[in-house]
Amino acid sequence: MIIVMQPDAGEAEIAAVEAKIRSHGLDVHISRGTERTLIGAIGDERRLDPEMFDPLPGVERSLHILKPYKLVAREWHKASTIVDVRGARIGGSEVQVIAGPCSVETVPQMQAAAAGVASAGARLMRGGAFKPRTSPYTFQGKGVEGLTMLKDAAARYDLPIVTELMDVRMLDTFLEHDVDVIQIGTRNMQNFDLLKEVGKVDVPVILKRGMSATISEWLMAAEYVAAGGNHRIILCERGIRTFETAYRNVLDVTAVAVMKKETHLPVIIDPSHAGGKAWMVPALSCAAVAAGADGLLIEVHPCPAEAWCDADQALSIDEFSTLMTKLRAVAQAVGRSIAPAANVVREEIAVA
Ligand code: PEP
Ligand code: MN
């Protein structure tokens with residue numbers, strides 16, 4: 001149930017509503033918007049009725065929520081949420097580009113990648129240290145050492161880092177390494193224990209869509225994170241499984257329009273895992289920005305042919321830089337912007 005407070009409701013009135021909800025054994029989530037405060041009752045709603053709240057001072061109206069997701073629904077939180085990652089605001093007018101290799105491999109590879117993506121205008125850097133590979137015999141990631149390599153390389157250009165958490169037992173290590181954004185991958189979208197744990201920390205989360213997840217399942221997964229108290233959630237569409245086999249996955253651009261309507265959370269697109277081929281990435285990225293995506297997560301490698309993971313879909317630094325120029329024009333056409341290219345010494349981008 002959601003209790004909508006009157007615009008001038010005071011703290012005592014909000015506290016009274018909260019106490020009443022708690023007295024029925026439900027949890028409370030308070031969302032303070034610029035115009036009014038919304039109070040969500042979390043738990044078995046059947047114990048509550050609008051008549052219990054409507055007469056209370058400061059209450060405008062209260063209602064049962066028909067949709068199973070509440071905290072992430074735009075219905076009760078009209079304003080778009082902006083997730084601020086050390087100054088890179090995701091969900092505002094600037095389309096944020098997160099770029100970097102699929103996996104962290106070596107120090108020179110990471111340094112060249114950081115220099116390259118920073119020079120092209122990416123505001124955040126990605127890199128997987130723990131890799132969810134289909135085969136147990138392929139490279140599984142550098143592990144903790146990879147977190148340090150990513151952090152060190154990105155720090156030179158002041159880029160916040162995005163990296164995937166697969167196992168809840170690594171969460172403390174991620175916090176110790178100051179991971180700026182925790183990525184939950186497609187294979188873990190419904191790992192509810194993992195979602196509950198990242199819901200308890202104060203670190204932004206990129207929640208990728210499960211490869212066969214419906215919009216509603218995806219939103220419910222986000223609700224798990226929000227219900228724990230972490231509202232800094234960024235949703236990432238990365239292609240879904242269909243009957244089509246001509247490309248890795250089908251980029252569901254429709255999901256951007258639908259998600260922007262259903263939820264106040266930012267929505268970004270990963271064109272790399274959607275198409276699975278580098279040559280498809282520019283077209284899919286342009287479509288994503290045109291459709292209203294708040295950001296892109298793009299795989300970029302200083303030497304794609306040598307990549308240890310997902311070599312086929314990685315853009316070279318030059319290709320990425322060309323794409324960024326194109327994307328700025330698309331962003332401008334839809335009333336948005338993308339950070340300009342930065343000045344980085346050319347030698348730093350060269351692969352060592
Ligand atoms: C990745 O981003 O490196 C990745 C493994 O993505 P996904 O979970 O979308 O497959
Ligand atoms: Mn990858």
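Under the rule for a side-chain contact (heavy atoms from CB on, under 4.5 Å), the partners of Asp202 that lie at least two apart in sequence or sit in another chain are Arg232. For Asn188, the side chain to side chain donor-acceptor pair (under 3.5 Å) test picks out Asn191, with sequence neighbours left out. For His177, there are no ring-ring contact (aromatic ring centres under 6.0 Å, His included) partners two or more places apart in sequence or in a different chain. The ring-ring contact (aromatic ring centres under 6.0 Å, His included) check on Phe130 picks up Phe174, with sequence neighbours excluded.
The environment of Glu306 atom CD is sparse: at most 12 non-hydrogen atoms of other residues, nucleotides or ligands sit within 6.0 angstrom. The number of heavy-atom neighbours closer than 6.0 Å to CG of Asn343, taken from other residues, nucleotides and ligands shown, is 12 or below. Few gaps surround CZ on Arg22; more than 12 heavy atoms of other groups in view lie less than 6.0 Å from it. Counting heavy atoms of neighbouring residues, nucleotides and ligands inside a 6.0 Å radius, atom CD of Gln332 does not exceed 12 of them.
Thr325 places a side-chain N or O within donor-acceptor distance of the main-chain N or O of Ser321, the cut-off being under 3.5 Å. Using a distance-only test at 3.5 Å, with no hydrogens or angles considered, a donor-acceptor pair links the side chain of Glu223 to the main chain of Val72. Remark: side-chain polar atoms of Glu244 are paired, donor with acceptor, to backbone N or O of Ala246 under 3.5 angstrom. Checked by atom type and distance alone, the side chain of Glu51 never pairs as donor or acceptor with a backbone atom of Phe53 at under 3.5 Å. Judged by distance alone, the side chain of Asn230 and the main-chain N or O of Val225 form no donor-acceptor pair under 3.5 Å. No donor-acceptor pair closer than 3.5 Å links the side chain of Asp310 to the backbone N or O of Gln313. One N or O on the side chain of Asp294 and one on the backbone of Val267 form a donor-acceptor pair closer than 3.5 Å. In this structure a side-chain-to-backbone donor-acceptor pair under 3.5 Å is present from Glu217 to Thr214. Looking only at distances, a side-chain donor or acceptor of Arg47 sits under 3.5 Å from a matching main-chain atom of His24. Looking at His273, its side chain never comes within 3.5 Å of a backbone N or O of Gly275 through a donor-acceptor pair.
Summarising the geometry, atom CG belonging to Leu235 is positioned 10.0 Å from atom CD1 belonging to Ile206; distances are rounded to the nearest 0.5 Å. Separation of atoms CE (Met125) and OG1 (Thr163) is listed at 10.5 Å; rounding is to 0.5 Å. Summarising the geometry, atom CZ belonging to Arg209 is positioned 8.5 Å from atom CE belonging to Met189; distances are rounded to the nearest 0.5 Å. Distance check, rounded to the nearest 0.5 Å: CE of Met259 to CG of Asp252 gives 10.0 Å. Of the inter-residue distances, the one linking Lys67 atom NZ with Arg74 atom CZ reads 11.5 Å to the nearest 0.5 angstrom. Separation of atoms NZ (Lys131) and CD (Gln140) is listed at 10.5 Å; rounding is to 0.5 Å.
Cluster membership for Val85 and Leu165, using ILVMFWY side-chain heavy atoms within less than 4.5 angstrom, is not shared. Under the 4.5 Å side-chain heavy-atom criterion for grouping Ile, Leu, Val, Met, Phe, Trp and Tyr, Val203 is connected to Leu147 within one hydrophobic cluster. Residue Met110 is not grouped with residue Leu297 when hydrophobic side chains (ILVMFWY) are merged at heavy-atom distances under 4.5 angstrom, including chains of intermediate members. Linking Ile, Leu, Val, Met, Phe, Trp and Tyr whenever their side-chain heavy atoms come within less than 4.5 Å puts Met324 and Ile269 in one cluster. Transitive grouping of hydrophobic side chains (ILVMFWY, heavy atoms separated by less than 4.5 Å) keeps Ile268 and Leu327 in distinct clusters.
With contacts defined as side-chain heavy-atom distances shorter than 4.5 Å, the pair Val83/Ile233 does not qualify. Between Met52 and Lys20, some side-chain heavy-atom pair lies under the 4.5 Å cut-off. Between Val179 and Val162 there is no side-chain heavy-atom pair separated by less than 4.5 Å. Two residues are said to be in side-chain contact when any heavy atoms from C-beta on lie closer than 4.5 Å; Thr186 and Asn249 fail this criterion. For the pair Pro68/Met220, a side-chain contact is recorded, criterion being any heavy-atom separation below 4.5 Å from C-beta on. In this structure, the side chains of Ile3 and Thr37 stay at 4.5 Å or more apart for every pair of heavy atoms. Residues Gln109 and His301 form a side-chain contact, since some pair of their non-hydrogen atoms from C-beta on lies under 4.5 Å apart. Counting heavy atoms from C-beta outward, Glu197 and Asp193 have side chains that stay 4.5 Å or more apart.
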Item to check | Trace of the side-chain hydrogen bond (donor to acceptor under 3.5 Å, both in side chains) decision for His264 with Thr81 | outcome: CA-CA 6 Å; His264 51 87; Thr81 290; 2.7 Å; yes
Checklist entry - Given Glu164 and Arg126, is the salt bridge (Lys or Arg N to Asp or Glu O under 4.0 Å) satisfied, shown in steps? => result CA-CA 9 Å; Glu164 178 167 352; Arg126 64 153 287 149; over 6 Å; no
Item to check | salt bridge (Lys or Arg N to Asp or Glu O under 4.0 Å) assessment of Arg89 paired with Glu94 | outcome: CA-CA 7 Å; Arg89 287 159 58 81; Glu94 187 166 298; over 6 Å; no
Next on the checklist: Using salt bridge (Lys or Arg N to Asp or Glu O under 4.0 Å), reason through Lys277 and Glu299 one step at a time and then give a plain yes or no.
Outcome noted: CA-CA 11 Å; Lys277 297 281 178 208; Glu299 287 190 347; over 6 Å; no
Next on the checklist: Show, in sequence, the C-alpha distance, side-chain angles and deciding distance for Ile90 and Ile82, and conclude whether the side-chain contact (heavy atoms from CB on, under 4.5 Å) test is met.
Outcome noted: CA-CA 5 Å; Ile90 306 176; Ile82 296 179; over 6 Å; no
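Smallest separation of non-hydrogen atoms from Leu124 and Val181: CD2-CG2, 4.3 Å. Taking both residues in full, the closest heavy atoms of Asp44 and Leu26 are given as O-CD2, 3.6 Å, listed atom of the first, atom of the second, then distance. For the pair Arg328 and Gly121, the tightest heavy-atom approach, listed with the atom from each and the gap, is NH2-CA, 4.0 Å. Of all heavy-atom pairs spanning Leu265 and His231, the tightest one is CD2-O, 4.0 Å. Closest non-hydrogen pair, Ala112 versus Pro302, comes out as CB-CB, 3.8 Å. Of all the heavy atoms in Ala9 and Ile14, the pair that sits closest is O-CD1, 4.5 Å.
Applying the ring pair (Phe, Tyr, Trp, His ring centres under 6.0 Å) rule to pairs touching residues 139-163 yields Phe139-Trp308, sequence neighbours excluded. Evaluation of the salt bridge (Lys or Arg N to Asp or Glu O under 4.0 Å) test over residues 133-151, restricted to residues two or more places apart or in two chains, returns Lys151-Asp180.
With Asp270 as the fixed residue, the salt bridge (charged side-chain N to carboxylate O under 4.0 Å, His left out) test singles out one of Lys208, Arg248, Arg238: Lys208. Exactly one residue among Leu323, Leu315, Ile298 makes a side chain to side chain contact (heavy atoms under 4.5 Å, CB included) with Pro271. That residue is Ile298.
Under the 3.5 Å distance criterion, with hydrogens and angles disregarded, no donor-acceptor pair is assigned to the side chains of Tyr224 and Gln190.
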